[in-house]
Structure formats: structure tokens, C-alpha cells
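Residue numbering restarts at 1 for every chain, and letters A, B, ... go by the order of the sequence lines.
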Amino acid sequence: MTITLPDGAARTFTAGVTGAEIAAAISPSLGKAALACKIDGRLTDLSEPIAADAALSIVTMKDREEALGLIRHDCAHVMARAVQELWPDVKVTIGPVIENGWYYDFDRAEPFSDEDFAAIEKRMRQIIAARDPVRTEVWDRARAVAHYKSTNEPYKVELIEAIPGDEPIRMYWHGDWQDLCRGPHLAHTGQVPADAFKLMKVAGAYWRGDSRNKMLQRIYGIAFASKAELDQHLTMLEEAAKRDHRKLGKELDLFHLQEEAPGMVFWHPMGWRLYRALEDYMRRRLNASGYHEIRTPQVVDRKLWEASGHWENYRENMFITEIDESTGAGEHANEKRVNALKPMNCPCHVQIYNQGLKSYRDLPLRLAEFGSCHRYESSGSMHGLMRVRGFTQDDAHIFCTEDQIEGETKSFIALLSSVYADLGFDGFDIKLSTRPETRAGSDAIWDKAEAALEAAVKAAGVPYQIDPGEGAFYGPKLDFKLTDAIGREWQCGTFQADFVLPERLGAEYVTPEGEKARPVMLHRAILGSFERFLGILIENHAGRMPLWLAPRQAVVATITSEADGYAAEVAAALSAAGLRAEADLRNEKINYKVREWSAAKVPAILAVGAKEVEARSVAIRRLGSNGQTILPLVEAVAALAAEATPPDLARA
RNA sequence: GCCGGCUUAGCUCAGCCGGUAGAGCACCUGAUUUGUAAUCAGGGGGUCGGGGGUUCGAGCCCCUCAGCCGGCGCCA
């Protein structure tokens, strides 16, 4: 039997030889370093016998991707073993590898506490130190079920019953501890780096991800190839925590939330400046792109929501108001008028479209609104600015003909990518979600709309993937995910074709032939919501906003009170040039002022003392640099004003 | 909504085994006129998230409600 190695060398072995034996035969050091192997490209255990000619490669720590996957997977098993050794009554379920680590779900009556983590980690290290061999067997399903019934592991029984009939049931042993697992695994527990993993947190998780099922306890861990990598990752997590928008929102005095209005933002002056800078920018971009800005009511009678279908499908997420409109108590006391705060703007936009008869000549008609929406999000789902109950969408609806979908999609993608680039995000991905099982509209119109969206995406040259069957029931959609400065992805933009709402709400236009026809409605947003996008922007920039967005763009700080008059003049000159600037005339040392305004992440501090008064200059210190630049006042104002010009205006 | 944790001064946090609340920063007052990340001194400030209970006595123990945090679920 011939085994071909990655360098092309072919060696002869007797059938039934294992990867471990081959590695040891190649060299003793490789035998030791071997973690797993690939037989004809398939990652598997070193202990698997090889029956026929094959290409074999030995996986070691140098194969980073595979090695980390194996380590994390073995960590899951080692942890589960540790937990069951410490608390034999705990039932095991599943424990997959995830980004940077793993988790394992347990069923245990007592909650795990953080103190338990130390005990579990200690036991894990003992298991690792024992260097227990990992072995595997394939069992038939009846034996496996009987085994798990006898060991009283009901979740494992359920898992086996869910495995399709022809798949083998693979069992693994880490020492004496046994688990159902697809594998592969390391050769022995000692191959898990004992100092490069850490248990992170315990959290509830529903069995099989279904909220009707029992809630299990999920323990999360992270694992790396070395302690240095683990430490590096922990440092990265600390850095990420520092740029948390909730923390920065408080530190920079941008906004707050309080319990009398959960999920509703109180914007403070500096936060509102930031919001307005973004809103003003978006308004200019939309105006320049052929949108008409409108404004629609926030409190709307249930009749409209019934017509749109929201009352039936979305009611539990709507804020409902009941007003007693009877003239007094007595006979009309039951005449309650029921309204809802709008959770979406679309039905209101159709009302504007429906005023007056529309011609094909009016299409495409692009109606935009910075629409204030309210949704009763469940209590556990709110998160700072990222998920709120009251928010403002950069919403617009394009009413157009089927033939216009492609063109509108193209120009939307162009606008969106330009906006993202201006706001400091270079990369984004597109996901195209196509027709679901249950849907409205004919196949012909779905064919057309999906093709139009895909053609536009292709033309844009942006990476995209197709999510089959994930479209809304009313039409296909594009979702736009942008990547922030630390590599996290955020879904912000959306573009959805809708064949249903125009029908339900009776939107129509007159064709060239003089007949009435239904327009297609394109729902679209670039930021998604201002609140959420500002959260993303704050985190992306770690609070150090680019000059054009910064709430306070410049502070003029005096060094002595002799400079007060001149400082006021400098601040006035900056304001006159359109900058958000102020003077700090407090009786404090310049060190103190620099420290304070730097902590407030003001992009430019202009220090003025006797020398500057004399020379009519300013000493500019930019955030993040220690040095200063001395410039004549006029030049400094011009330079800052130029830099503070929003990117769209700078292009014009 | 579910599981777990948390909630003490404006902010960040300390407060043992239940014995009657503390620090730093911020704020106010005074002194100081200062050259690029904290000048000095003094002062005021807390129904310990709300409600209920146990106890001679509760910030600490128990129940309950709310909010927040971490996940899960949800996000037509």
C-alpha cells in the first residue's frame, strides 16, 4: 500500500497502518508533534487505520487553523469531563468549537458560579497533565442508545435519535471519560496547551436553541496555541471593552438611558451635535441623489396597521395607545380609539404616494424620511444604542416599475458605498436573500426582481453571497454588512423589493397605455438607524471622531488670563469659519486643560499665551500627538476649516 | 421573554462574620497666572435601585418588582 506525503514522496506501508505510526516512522519528533492527520485531504484522528493507497499529511501546531480547531474541540471534551468528575449528576449535551474557543452546554440543577470556574480549570489541567490517550470506536445506534440510557444521559439519546439512519455513531474516550462525537480529536489530552485556555463566562442557552426547551447552562472558553496568544487575545478584549459605545457615551457625555424610558435615548448636547452632523450629511446625500424628504405621523390609527398587515403580524412589538374619545362617561364610555406608534414608516409613505393620481412619468418616486419609529423590543434584547425601542431610520421608499428595479438597485449601492467610505468604513459585504417557501407574488415577478438585484450587485463589483430562501415573504432583499476598525461586522444597510404592500394599500400608477398598474416598492436604508449607526461609529473610532464629525472640533485654551481677550477672538474666528469651537478661559494650568480636553477627545487644542497674543498665532496640538504646531491665526483657521468640511462638500 | 450576575455620592469603586457608610475624581469656596495629560488648601454631598419581610439591629440575610450587564431566544 502506498502513502503519498505532502512533499511528493511515496512510501510503502502495510494496510491498516495509522497516521500516528507513519508520523513516527518519518521521524520521532514528528511522531511527537503530530496532532492529527489528513487522509486524502480529510482531517481525521491519528489512530484511524488506513486501508488503501492514500495521500497523507500530518497535522502539527504549524497547521494553525487545524491545530486550533482540534485544541478547542478537545478543550470542550476535557472541560465536560472535568465538570462530570466534579459534579457527577451533571448531564452533558453538546460542545462545539466557536470563534476563538468553544462552549459546552450542561444540564445541572445548581447554577455554575464564577468560583466553580477555578475548580473546573484546575481539574482540566489535571486531565491534561495525565496525558490520557484519546481513542474512538464506531458503534451501532442501538448499542449507543442503550449505553446512554444506562448512563442516564437523555440529551445524548436525543442527539443520536436525530442523526440520520445511515451515519455511523462515533464514540470517543478521553481516558475513561466517554462522549458522543463526530471527531476528530488530538491523540492524547496532554496535547491541549495547559496554559493557553481560559473559561470566560457561563450563560443560559436553550436546549437545541429552542425557547420552548429547557434552559441549559453554557460555559464558554477560549483557547489558543500558546499562553502568549491567549494573553494577546485577552488584551484585545480589554481594548474592545474600552471602546464600548456605552462607556464612551458616558465618558464623553454624549447620551444616556434611564429606567423610566428603557431603550429610548436621551441625547446630550455633545451627542446631539454628533447626531446632527451625521443627519445633515445624510440629508445632503439624499437630496443630491433624487430623494424627496417627507415627514409622517408617529401616532397612527390601528386601521392603517390592519390594512398594512402589521396589526396581524407585528402587533406584539408595537406600542399601542388607547384614547377615550367619548364626550363623557355614560353611554359612549366604550368608544376607545386605538392608535399605535409607528414601528415602520412604509405604510405612511404609501399614504403620501396615494395622494393624487400618479403617472408612470412620476416614477421612480423616491420618498425619504428620517423616520422616528418605536418597537417594543423584548427586555433582554436591548443593548445601548445598538438595539433600542425608539429609533430613527434613514428610511426611504422608492416607488418604481419592475423595469426600474435594477437601475435603482445600482444607484443605491453606489450611494451606500460612497456613504460608508465617507464615514470611514472601507469594506462591506452584500447578502442577497432570495424567495422563501411561503411568499407573495408570482414566480415571474420574483424571477425578475431577483435577477435585477443580482445584476446590480454584480455590476457593483462588491463581494456578495446568496442566502437562498431567506428573503422576506414580500420580496427579495439585499443586506449590507460593514466591517469596523477591529474587524467586527455590522448589518446596517438594507434594500428590499416589496410586491405586497403596494397591493395591500392600493398604490397604483397610470401606464403609458392609460391603464392602472401597481408600482413596486423598494424599502431601503443605508445607516439602518441613526442611533445604532452612531454606536458603531463611536466604537469604530474609539470615540476619536474625525474632525468633521467631532462634537467639539476645537478648544482654545488660555495659558494665562492675559490671553483671555485674544482667545475669545480666536474662538470667534473659528466659529465664523463654521467650526464647533469654544474657548477655555478657566484659571487652570495648561497641563490641566490639555489633559482634560484630550480625555474628552477634542481633535484640536489651540493653546494661546503671551507669545501667541504677541504674534497673533496659535499653538495647535492635535489629539494623539504630543507636539505642537505654531501657526498664524488666519492660517490655522483656514486649515482647520478645510479639514472640517464634510467629505461630500469637500468634493463639491 | 428565559438563565445567571449586578444595582452603594454626579462618575469609578471599597465596605469582613449583620452592629448604623468610605476613597479617588467631579462639584463649590479660597489661594495660585500657570507653556502642553492632574497646583494647593478648605467645604458640601448618600432614604446604599423601589417595595415588603426576618432580626434587638440590615448596605450585607429572605421575598418581590424594576433597570442594567453577559448569553440564549426574538429582530413579520
Please measure how far the P atom in B/rG57 lies from the corresponding atom in B/rG53, and state the result in whole Å. 12 Å

What is the distance from atom CZ of A/Arg375 to atom CZ of A/Phe391, rounded to the nearest 0.5 Å? 3.5 Å

5'-most by nearest nucleotide on RNA chain B - A/Ser379 or A/Tyr314: A/Ser379

Roughly how many Å is it from OH in A/Tyr592 to C1' in B/rC40, rounded to a whole number? 13 Å

Could you go through A/Arg246 and A/Asp244, starting from their C-alpha distance and side-chain angles, then the distance that decides it, and tell me whether this counts as salt bridge (charged side-chain N to carboxylate O under 4.0 Å, His left out)? CA-CA 5 Å; A/Arg246 294 166 301 186; A/Asp244 187 311; 2.5 Å; yes

Considering only heavy side-chain atoms of A/Ala610, the closest of B/rC72, B/rA76, B/rG35 is B/rG35

Inter-nucleotide P distance (B/rA66, B/rG51), Å rounded: 15 Å

Strictly below 4.0 Å: does A/Lys250 bring a side-chain N or O up to OP1 or OP2 of B/rU12? yes

Looking at the side chain of A/Glu588, which of B/rG35, B/rU39, B/rG70 is the nearest nucleotide? B/rU39

Between B/rA37, B/rU33, B/rC68, which nucleotide gets closest to the side-chain atoms of A/Ser561? B/rU33

Work out how far the C1' atom of B/rA38 is from that of B/rC74, and round it to whole angstrom. 47 Å

Mind checking if A/Gly209 touches a base, just sugar-phosphate, or nothing, with heavy atoms under 4.0 Å? sugar-phosphate

For B/rG70, does either OP1 or OP2 sit under 4.0 Å from a side-chain N or O belonging to A/His383? yes

Base, sugar-phosphate alone, or nothing: which one does A/Glu612 contact when heavy atoms must sit under 4.0 Å apart? base

Once you apply a heavy-atom cut-off of 4.0 Å, does A/Ala205 come out as touching a base, just sugar-phosphate, or nothing? sugar-phosphate

Suppose we define a pair by two distances each less than 3.5 Å, Watson-Crick or G-U wobble; what does B/rC72 pair with here? B/rG1

Contact class for A/Asn317 (heavy atom, under 4.0 Å): base, sugar-phosphate, or nothing? nothing

Within this structure, what is the CZ-to-P distance between A/Arg389 and B/rG1, rounded to whole angstrom? 8 Å

Base-pairing mate for B/rU39 - Watson-Crick or G-U, with both contacts under 3.5 Å: B/rA31

Integer-rounded Å distance: B/rG67 P and A/His256 NE2: 15 Å

Looking at B/rA76, I'd like to know if its phosphate oxygens (OP1 or OP2) sit under 4.0 Å from a side-chain N or O belonging to A/Tyr376. no

Could you give the distance separating B/rG4 and B/rG45 at their P atoms, to the nearest angstrom? 41 Å

Between the base of B/rG73 and the side chain of A/Ser378, is there any donor-acceptor pair under 3.5 Å? yes

What's the closest nucleotide to the side chain of A/Lys589 if the choices are B/rU39, B/rA37, B/rG73? B/rU39

Between A/Gly609 and A/Glu260, just flag the one whose closest nucleotide in RNA chain B comes earlier from the 5' side. A/Gly609

Is it true that A/Trp267 and A/Phe530 have ring centroids separated by less than 6.0 Å? no

Any donor-acceptor N or O pair under 3.5 Å, side chains A/Trp207, A/Glu158: yes

Need one value for A/Arg246: base, sugar-phosphate or nothing, where a base atom within 4.0 Å counts as base even if backbone is also close, heavy atoms only. sugar-phosphate

Which listed nucleotide (B/rU36, B/rC68, B/rG71) is nearest to the side chain of A/Tyr220? B/rG71

Nucleotide forming a Watson-Crick or wobble pair with B/rG57, both distances under 3.5 Å: none

Checking base pairs now: Watson-Crick or wobble, both atom distances under 3.5 Å. What partners B/rC16? none

Quick one: is A/Arg375 getting a side-chain N or O under 4.0 Å of the B/rA76 phosphate, OP1 or OP2? no

Do A/Arg315 and B/rA76 have a side chain to base donor-acceptor pair shorter than 3.5 Å? no

cation_pi(A/Arg72, A/Phe224) dist<6.0 Å, angle<=45: yes

Any donor-acceptor pair under 3.5 Å joining the side chain of A/Arg387 to the base of B/rC74? yes

Go through B/rA66, B/rU33, B/rG73 for me and flag the one nearest to the A/Thr560 side chain. B/rU33

From CA spacing to verdict: side chain to side chain contact (heavy atoms under 4.5 Å, CB included), A/Leu505, A/Leu304: CA-CA 9 Å; A/Leu505 297 179; A/Leu304 183 61; 4.2 Å; yes

Across all strands shown, which nucleotide pairs with B/rG24 by Watson-Crick or G-U wobble geometry, both distances under 3.5 Å? B/rC11

Pick out which of A/Trp490, A/Phe425, A/Phe480 makes a ring-ring contact (aromatic ring centres under 6.0 Å, His included) with A/Phe533. A/Phe425

Please work out if A/Met344 contacts a base, only the sugar-phosphate, or nothing of the nucleic acid, heavy-atom cut-off 4.0 Å. base

In whole angstrom, what separates A/Glu259's CD from B/rA66's C1'? 6 Å

Quantified in whole Å, what is the P atom distance between nucleotide B/rU7 and nucleotide B/rU33? 46 Å

In sequence, state the C-alpha distance, the side-chain angles, and the governing distance for A/Lys481 and A/Glu489, and then conclude on salt bridge (charged side-chain N to carboxylate O under 4.0 Å, His left out). CA-CA 6 Å; A/Lys481 278 196 295 190; A/Glu489 290 202 320; 3.2 Å; yes

Taking the C1' atom in each of B/rC48 and B/rA23, what is the distance between them to the nearest angstrom? 16 Å

Looking at the side chain of A/Ser211, which of B/rA37, B/rG35, B/rG73 is the nearest nucleotide? B/rG73

Does B/rU47 have a Watson-Crick or wobble partner in any strand here, with both distances under 3.5 angstrom, and which is it? none

Distance check needed: B/rC75 C1' versus A/Phe319 CZ, whole Å only. 14 Å

Interatomic distance at P, B/rC65 relative to B/rG5, whole Å: 15 Å

Rounded to whole angstroms, how far apart are CZ on A/Arg218 and C1' on B/rG73? 11 Å

With a 4.0 Å cut-off on heavy atoms, is A/Ala557 in touch with a base, just the backbone sugar-phosphate, or nothing at all? nothing

If we take the P atom in both B/rC6 and B/rC61, what is their distance in whole Å? 9 Å

What is the distance, rounded to the nearest whole Å, between atom CD of A/Glu306 and atom C1' of B/rA76? 16 Å

Any A/Lys201 side-chain N or O less than 4.0 Å from OP1/OP2 of B/rG70: no

Integer-rounded Å distance: B/rG73 P and A/Glu316 CD: 18 Å

Pair A/Trp305 + A/Tyr314: ring centers closer than 6.0 Å: no

